[in-house]
Amino acid sequence: DAKTTQPNSMESNEEEPVHLPCNHSTISGTDYIHWYRQLPSQGPEYVIHGLTSNVNNRMASLAIAEDRKSSTLILHRATLRDAAVYYCILRDGLNQFYFGTGTSLTVIP
Amino acid sequence: NAGVMQNPRHLVRRRGQEARLRCSPMKGHSHVYWYRQLPEEGLKFMVYLQKENIIDESGMPKERFSAEFPKEGPSILRIQQVVRGDSAAYFCASSPPTRTAYEQYFGPGTRLTVT
């Protein structure tokens with residue numbers, strides 16, 4: 001059963017920042033927060049992960065609330081290639097991922 | 001370094017037949033995970049394997065489904081006596097043999113259609 005809650009869909013204009021929220025109020029102290037995205041007819045692709053501190057990489061930034069009960073994936077400049085379903089996932093100590101239904105991001109040119 | 005490979009990419013089976021889905025992990029990876037994705041839904045964890053061991057099969061249906069990851073060769077997800085409800089995309093992922101592997105690398109999936 002999914003342990004995260006995300007909006008079903010979001011829209012963004014091309015080249016504008018996108019903030020994708022995720023609630024995980026039942027997160028445990030050892031759960032990592034991962035984000036993956038899935039393009040149509042493809043397998044999920046790793047985006048970013050974190051535990052407590054905010055994280056940045058070449059694809060995105062991850063902002064984690066101080067109480068860790070929510071997080072936000074930030075795409076700094078959305079492109080058409082960023083249109084996908086974004087999954088916020090908790091990884092437990094056994095390295096198992098619990099996927100929710102994700103947020104379908106539409107990027108408007 | 002080739003990514004995770006799955007074959008076949010598409011598989012059609014009649015009700016009652018057997019389906020065998022294969023997954024070759026990335027080079028050097030010894031952990032394999034199988035997930036099932038029904039249309040318009042997220043991925044559901046099925047089973048987690050290491051070489052010659054099933055670590056967690058809590059997501060596997062109790063009947064007709066089995067998985068293995070032999071010492072040599074790909075991991076196999078086997079579905080016996082398929083039914084229409086088994087139609088889905090099945091994804092395999094792999095990760096390195098470290099205690100805290102941060103990423104899972106996913107294959108392109110096998111789309112099973114049961115007619």
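Remember, predicted model here, so these are calculated numbers, not experimental data. So you know, we letter chains A, B, ... as the sequences are listed, proteins then strands, and number each from 1.
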Practice problem: State plainly whether the residues B:R13 and B:D86 are in salt-bridge range, i.e. N to O under 4.0 Å. | Solution: no
Exercise. Sort B:Q37 into side chain, backbone, both or neither according to what part of it lies under 4.5 angstrom from a heavy atom of chain A.
Key: side chain
Self-check item: chain B contact via A:S41 - side chain, backbone, both or neither, heavy atoms under 4.5 Å
Solution: both
Quiz item: So what's closer than 4.5 Å to chain B heavy atoms on A:E45: side chain, backbone, both or neither?
Solution: neither
Exercise. Give a yes or no on whether the backbone of B:Q104 and the side-chain of A:Y36 come within a donor-acceptor separation of less than 3.5 Å.
Key: yes
Practice problem: State whether the side chain of B:N53 and the backbone N or O of B:Q50 hold a donor-acceptor pair below 3.5 Å, judged by distance alone. | Solution: no
Exercise. Flag the pair B:Y35 / A:F97 as yes when their ring centroid distance falls below 6.0 Å, and as no otherwise.
Key: no
